[in-house]
Amino acid sequence: MTHSDTRVRADHSSRDNYQMTVNYSNVGVIGAGAMGRGIAQIAAQAGSQVLLLDSFEGAAVRGRDAILAQWQKQHEKGKLDAASRDTLAARVQAVDSVQALAACDLVVEAVVEDLEVKRQLFRELEAVVSPAATLATNTSSLSVTAIATALKLPGRMAGFHFFNPVPLMKVVEVVAGFKTEPEVCRQLAGYAAQMGHSAVQARDTPGFIVNHAGRGYGTEALRIAGEGVADFATIDRILRDQAGFRLGPFELLDLTALDVSHPVMESIYRQYYEEPRFRPSVITAQRLAAGALGRKSGEGFYRYPDGEMQKPPEPPVPVVGAMPPVWVSPRAARRPELLRLVHALGAQLESGATPSDAALILVAPLGFDVTTVAAVERLDATRTVGIDLMVDDAATKRRVLATNPATRRDMRDAAHALFASDGKAVSVIRDSGGFVTQRVVATIVNIAADMCQQGVCSPADLELAVRLGLGYPQGPLAMGDLYGPTNMLEVLFNLQTVYGDPRYRPSPWLRRRGALGLSLTHQEE
């Protein structure tokens, strides 16, 4: 079987032929939930006649009405003229049987995430549609290869994974199963471009690209919270203000809801045979069992009285009568920058080889905790406070300090007051290897690097998918380049030393490029 027919006209000047014109004139969409409605809407906007089917009586009609209502709203806002609205409306039809999809040259299913349900559906479809028709699954967590085993012609099937809300989330994962013909993926990628979406190509691996790459953000934040390093709100504030994430991990978990996000964590962890990098947390398991799902249940990591997030206030800056002199460890990361900062904030700097008996001792480790640094450097732990300087201070809205179990309260307060004296926000956390930002960023970068090592997707598609699908401030490889691949390696190696956990073992992709001083987006010729 081949799909190299007259439906495809490739533009060979485009990126990997993603901008080809694909004339899927009749498209079937099975599933009239939010995902199916979104796919049907953008398929009609791409010029296709769309048949919407759902197994629940009346659901397809209601789905069509909801799509038409969206276009009517656009018309009322002046974004769509009446003629265009009516033309689009004429392209969407509700049908009540699989047999009604016989003339479709593309059928996309968006039904419940149940392997046997999907297999049975595709068996019925294959008996009805043309042998040249393309079949696509919108699965987010199941194997495309496993679904395609239901077909006599599995080469015609691929994953076509959109994200909610489909019209706004402008990325779609095109996933090749073990027997998927390359032309099928090229056609779907070209059709996605006509829909106004960017297609990224992925191998059939658990989580594909976006859900796989997204494992580090939430799971590492949960580990930090589980160690009692900081509360949920503080971790969110740090990752928003210091690293530039749009939402903190716990705000994001509340938004997606734990009945969605926790099963995905468990599914990817088990599908990768309990890979430590993807280990879920008992925190989300307990909250899911308690029904604290997030916004939609009124309570999650935050409370939502009247639908509004209720955040705890930030701790006040302590009032300190007399500021002690400050001594900065010779091994501190960004030591010249730290010295300039402390001087600019008005503190008295000590320049001796060792601190005086009155000095506040500052360390700035990468990956290590303050306790380890104080012990190795033989510092007085009662006066030692750590500061996270992986990120350039001028580029952040928040400074993060860490105490160790022996740090005196007066030294903690002095450090807090000093670094807040210019008005910049300060969070003080308990001791943690890699503070918060270092741990989370290094985990994200490491997972992304290993995806490239496994050949899950190209580095370019990984970067695009994560920017569009997760809204990170940079793609994960660009994030690693920004903070330095060698710094990422140092953080990971030192986290392994502190925690003894294979979760932090560096990917060969990261280790080799970091050792050679190469960009993480660099590919061998």
Side-chain angles (χ1 to χ4, degrees), residues 214-232 234-235 238-239 242-243 249-250 265-266 268-269 272-286 329 331-333 363-377 379 381 384-391 400-407 427-450 476 479-480 483-511 514:
R215 289 311 86 213
Y217 191 49
T219 59
E220 191 62 26
L222 285 161
R223 284 181 65 80
I224 293 166
E227 292 170 18
V229 172
D231 59 33
F232 305 129
T234 299
I235 294 169
I238 290 170
L239 288 166
Q242 190 176 44
F250 300 106
M265 291 183 203
E266 289 194 327
I268 291 177
Y269 178 61
Y272 269 104
Y273 299 100
E274 301 186 351
E275 161 58 57
R277 291 187 182 113
F278 309 135
R279 190 183 300 125
S281 170
V282 68
I283 294 174
T284 49
Q286 290 174 338
S329 165
R331 301 183 187 181
V363 298
L366 290 176
F368 280 129
D369 56 3
V370 178
T371 297
T372 299
V373 174
V376 169
E377 297 187 22
L379 304 172
T384 302
V385 174
I387 181 168
D388 183 2
L389 280 180
M390 184 183 77
V391 185
V400 179
L401 307 176
T403 58
N404 68 76
T407 303
S427 290
V428 184
I429 63 174
R430 295 186 181 92
D431 211 358
S432 166
F435 298 87
V436 172
T437 295
Q438 291 179 24
R439 286 178 66 166
V440 172
V441 167
T443 300
I444 290 169
V445 171
N446 196 34
I447 288 173
D450 211 55
M479 197 180 295
Y483 299 124
T486 54
N487 283 343
M488 293 294 96
L489 275 178
E490 184 173 350
V491 169
L492 289 164
F493 281 135
N494 292 342
L495 284 170
Q496 269 193 295
T497 300
V498 172
Y499 292 105
D501 192 335
R503 173 183 181 86
Y504 301 111
R505 71 195 189 281
S507 164
W509 183 280
L510 173 58
R511 183 172 57 80

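Residue numbers count from 1 along this sequence.
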Hey, mind stepping through Val229 and Arg223 against side-chain contact (heavy atoms from CB on, under 4.5 Å) and telling me if it holds? CA-CA 9 Å; Val229 172; Arg223 284 181 65 80; over 6 Å; no

side-chain hydrogen bond (donor to acceptor under 3.5 Å, both in side chains) against [X], all qualifying residues, sequence neighbours excluded:
X: Arg279; result: Asp501
X: Tyr269; result: none
X: Asn446; result: none
X: Thr407; result: Asn404

What distance do [X] atom [atom1] and [Y] atom [atom2] have between them, rounded to the nearest 0.5 Å?
X: Gln242; Y: Ser427; atom1: CD; atom2: OG; answer: 8.5 Å
X: Glu227; Y: Tyr499; atom1: CD; atom2: OH; answer: 3.5 Å
X: Arg430; Y: Thr371; atom1: CZ; atom2: OG1; answer: 13.0 Å

Walk me through it: do Val363 and Arg331 pass the test side-chain contact (heavy atoms from CB on, under 4.5 Å)? CA-CA 8 Å; Val363 298; Arg331 301 183 187 181; over 6 Å; no

Can you list the steps and then say if Tyr483 with Val441 is a side-chain contact (heavy atoms from CB on, under 4.5 Å)? CA-CA 9 Å; Tyr483 299 124; Val441 167; 3.7 Å; yes

Any residue meeting salt bridge (charged side-chain N to carboxylate O under 4.0 Å, His left out) with [X], in chain and number order, not counting sequence neighbours:
X: Arg511; answer: none
X: Arg505; answer: Glu275
X: Arg215; answer: none
X: Asp431; answer: none

Taking the side chain as everything from C-beta on, heavy atoms only, tell me whether [X] gets closer than 4.5 Å to [Y].
X: Ile235; Y: Phe250; answer: yes
X: Val428; Y: Thr403; answer: yes
X: Pro249; Y: Phe232; answer: no
X: Ile387; Y: Val400; answer: no
X: Ile429; Y: Ile224; answer: no
X: Leu239; Y: Val440; answer: yes

Backbone N or O of Gly434 within a donor-acceptor pair of the Ser432 side chain at under 3.5 Å? no

Taking only residues two or more places apart in sequence, or in another chain, which ones meet Phe368 in a ring pair (Phe, Tyr, Trp, His ring centres under 6.0 Å)? none

Side chains of residues 488-496: which donor-acceptor pairs under 3.5 Å do they make with residues two or more places apart or in other chains?
unit_1: Asn494; atom_1: ND2; unit_2: Leu366; atom_2: O; d: 2.7
unit_1: Asn494; atom_1: ND2; unit_2: Glu490; atom_2: O; d: 3.2

Those residues at least two apart in sequence (or on a different chain) that pass side-chain contact (heavy atoms from CB on, under 4.5 Å) with Gln286 are Val282

Partner residues of Thr443 under the side-chain contact (heavy atoms from CB on, under 4.5 Å) criterion, sequence neighbours left out: Glu220, Ile447, Arg503, Tyr504

[X] to [Y] - nearest heavy-atom pair and separation:
X: Thr486; Y: Gly514; answer: CG2-O, 3.1 Å
X: Pro476; Y: Ile444; answer: CB-CG2, 3.8 Å
X: Gly367; Y: Val498; answer: O-CG2, 4.0 Å
X: Ala449; Y: Trp509; answer: O-CB, 3.2 Å

Say whether Ser329 and Glu377, considering side chains only, have a donor N or O and an acceptor N or O under 3.5 Å apart. yes

